[in-house]
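In what follows, a single structure is set out as structure tokens and then discussed.
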Amino acid sequence: MIVRDENSSGLGGGGKWFRGFGSLIRRKQVDSVHARGHGQLARKLSAVDLVGIGVGATIGAGVYILIGTVAREQAGPALVISLLIAGIAAGLSAFCYAELACRCPSAGSAYHYTYICIGEGVAWLVGWSLILEYTIGASAVARGITPNLALFFGGEENLPLFLARHTLPGLGIVVDPCAAALILIVTVLLCLGIKESSMAQSIVTTVNVGVMLFIILVGGYLGFKSGWVGYELSGGYFPYGVNGMFAGSAIVFFSYIGFDSVSSTAEEVKNPQRDLPIGISTALTICCLLYMLVAAVIVGLVPYYDLNPDTPISSAFSSYGMKWAVYIITTGAVTALFSSLLGSVLPQPRVFMAMARDGLLPPFFSDIHRGTQIPLKSTIVTGVFAATLAFFMDVSQLAGMVSVGTLLAFTTVAVSVLIIRYVPPDEVPIPSSLLSSVDQLLGHSGGHIGVDRDISPVDPASYYEDSHLHDKSEALLEHPLIIKEVTNDEQNEKSRRKLAAWTIAFLCIGILIVTGAASADWSPRILQITVCGMGGVVLLCSVIVLACIKQDDRSHSFGYSGGFDCPCVPFLPSACILINTYLLIDLGVDTWLRVSVWLLIGVLIYLFYGRTHSSLLHAIYVPSAYADEIHRSQAIHIA
């Protein structure tokens, strides 16, 4: 049993460093929201609502632009296969999200799962990165709506004055009132309630999907009529080879980012164990099919080298004399951007709320409005901040930073699945106030121990910083409720857990070595191959060992049971970690330098506020089997 108290200094300097590190790995329980008596969000969402949120957040305007660039420069007609491979890769993360969303259906998404499975330090970095992603993502999307909207007015110069972009004299800053106004409109929609905002999302998404179906049906008719000239090329289906196809997959992978918005609403779903897996899987499947069909039509209508990189779909239809189709396609682009904007602003206040519930941010952000049952203050603050950023800054150069939060979340979610399956948390944090309750129980029972059995070999003294907590913990350990006999089966289970934990650690190390070496184009080729091979051996051996180790029996009952179980463990989560880690490292030095500034700010906030205000600051960690006995005994004693 472990007690951590950050406020006192009872041990030496080494002990302080150890306990400082201990705050990074403390973990909360699955139902911590209910245990602490926080206000609950309204459970109003159905599976249909989740599909609308997922599709709307995923299908942005990228499909109207990105397919032209990737087809011209990377994949050619093989773009369809590139989209399929990227969809399968995204599906790996979707499987992991589906299991954790069912087991831990509370707000916070990847931050919440990471806090339960890995620890507070990594959870803070994931949550802080997601805040960056949603803020910059919303601002970038809002700024992208203005030029598309201007097409309906005949160009940006014909936009109404209150919507047009202006340059501030003397400062050279281009302000975008249209972008700021759109974010404020979305914020107002979100403040009305989750059901109302999801309905608006579904309406806008329906229009966007309708436009994509128009492209597929009308474009398919034109293709059959003209003979699909884009596929009758001398270069064949793979003009850039298989490597070009995979390079295209890496780029279009980011078109599937957005389904994680579904998991952020887990606390607002009527039946999370049933509806969350349906919502996530259905949304991703719809997006993958629509992407592939649109790409198959466009690269078939026009040879890939003749596609306009800026307006590939509009130019393809214009080449067949259908210039009027540009208005329908532009409508689709605008609605896609608006639904993507809704999907970017929706999760952010819920991440703020989850972090504030855990004490890592001020309690202001955790307040829930009694009428609408949403985090109203967090929604207003995040909306105003994103609107201000979109108004004053051109965040297009920071767009690469958006990917860091998502890929980091995807990676930690996959690691969390491995942890739950092989080494699920077997300790539960309880309030330190229960120590005095156990003292009273000891006094009530006369303080007689009278049990001659082995005590689990845990030395809490090495974790203590406060002498009065140390004395009480000894009494707690000696209480008959806590004393348990350590059998051979329990010792074998401890050995299995230790082997599994180290294997998961080596798996992650092997993946870091492989992806780091594969991305190190600056290093000598022979060195790159050697290091990559060494990492591959570590990775392969780790996967084989995990496949041979028996999964923890308690993993089936961890959290809320009866939901979705990720298949093919450990192979699927391992592949997910490998893909996302490679994409993280491959983002480039400039992106990581910008992100490091944001992460450094987050580390300072955690050190000076979050660590000392955490709800787990004085938590006592007891084995899960004993926690129920302690609570039950306290209830009986109070009664």
Side-chain angles (χ1 to χ4, degrees), residues 21 24-25 85-86 88-90 92-93 95-96 110 114 117-119 121-123 125-126 129 242-243 246-247 249-251 253-254 400-401 403-423 497-549 566 568-596 599 603:
F21 174 76
L24 300 177
I25 59 175
I85 294 172
I88 293 172
L92 302 180
S93 296
F95 279 126
C96 297
T114 307
C117 300
I118 300 177
V122 178
L125 290 179
V126 170
S129 300
V242 176
N243 290 335
F246 280 109
S249 296
I251 296 174
F253 173 82
F254 297 102
M401 298 170 66
S403 305
V404 173
T406 298
L407 294 174
L408 184 60
F410 284 4
T411 304
T412 56
V413 164
V415 173
S416 298
V417 169
L418 291 177
I419 290 174
I420 284 180
R421 292 298 188 90
Y422 290 96
V423 281
R497 286 177 63 89
K498 183 179 292 187
L499 175 61
W502 279 107
T503 305
I504 293 173
F506 277 111
L507 171 72
C508 296
I509 292 171
I511 288 175
L512 280 175
I513 295 174
V514 169
T515 54
S519 301
D521 297 330
W522 47 268
S523 65
R525 188 68 176 173
I526 185 65
L527 178 63
Q528 189 178 12
I529 294 174
T530 303
V531 175
C532 194
M534 293 171 58
V537 171
V538 175
L539 169 59
L540 183 61
C541 292
S542 300
V543 172
I544 293 174
V545 172
L546 280 179
C548 295
I549 296 176
C566 178
C568 303
V569 176
F571 305 105
L572 190 149
S574 300
C576 180
I577 298 170
L578 178 64
I579 292 170
N580 291 307
T581 304
Y582 175 77
L583 292 175
L584 267 173
I585 294 177
D586 204 45
L587 286 175
V589 176
D590 292 341
T591 297
W592 274 108
L593 287 176
R594 296 188 186 104
V595 171
S596 63
L599 294 179
V603 168

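Below, each value reflects all heavy atoms present in this structure, side chains not excepted, and no hydrogens, waters or symmetry copies.
Using a 4.5 Å cut-off on side-chain heavy atoms (C-beta onward), F410 and L92 make no contact. Between L418 and C117 the shortest side-chain heavy-atom distance does not fall below 4.5 Å.
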Quick one, V423 with W502, criterion side-chain contact (heavy atoms from CB on, under 4.5 Å). Give me CA distance, side-chain angles, the key distance, then yes/no.
CA-CA 10 Å; V423 281; W502 279 107; over 6 Å; no
For L507 and S574, run side-chain contact (heavy atoms from CB on, under 4.5 Å): C-alpha distance rounded to whole Å, both residues' side-chain angles, the deciding distance at 0.1 Å, then the answer.
CA-CA 8 Å; L507 171 72; S574 300; 3.5 Å; yes
For Y422 and V569, what are the C-alpha separation, side-chain angles and deciding distance, and is it a side-chain contact (heavy atoms from CB on, under 4.5 Å)?
CA-CA 10 Å; Y422 290 96; V569 176; 4.0 Å; yes
Give the intermediate values and the outcome of side-chain contact (heavy atoms from CB on, under 4.5 Å) for residues Y582 and V514.
CA-CA 9 Å; Y582 175 77; V514 169; over 6 Å; no
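Considering OG1 of T591 and CG of D586, their distance stands at 10.0 Å, rounded to 0.5 Å. Once rounded to the nearest 0.5 Å, the distance linking OG1 of T530 with CZ of R525 reads 11.0 Å. Here the CD1-OG distance, from I585 to S519, works out to 5.5 Å after rounding to the nearest 0.5 Å. Interatomic distance, I419 CD1 to I118 CD1, rounded to the nearest 0.5 Å: 4.5 Å. A distance of 8.5 Å separates CZ in F253 from OG1 in T406, rounded to the nearest 0.5 Å. Rounding to the nearest 0.5 angstrom, the gap separating the CG atom in L125 from the CG atom in L24 is 9.0 Å.
Closest of all the heavy-atom pairs between S249 and A86 is O-CB, 3.6 Å. In plain terms, the two heavy atoms of C566 and V417 that are nearest each other are CB-CG1, 4.4 Å. Taking all atoms of both residues into account, the shortest heavy-atom contact from T114 to A110 is OG1-O, 2.7 Å. In terms of heavy atoms, Q528 sits closest to S523 at CB-OG, 3.6 Å. Nearest approach of A547 to P570, heavy atoms of both residues: N-CG, 3.9 Å.
Evaluated for a side-chain contact (heavy atoms from CB on, under 4.5 Å) with S93, the options V413, N580, T411 yield exactly one hit, N580. A side-chain contact (heavy atoms from CB on, under 4.5 Å) with S403 holds for exactly one of L584, L587, V595; it is L587.
A donor-acceptor pair is defined here as one N or O able to donate and one able to accept, closer than 3.5 Å; such a pair exists between the side chain of T412 and the backbone of A409. Without hydrogens or angle criteria, T515 side chain to L512 main chain gives a donor-acceptor distance under 3.5 Å.
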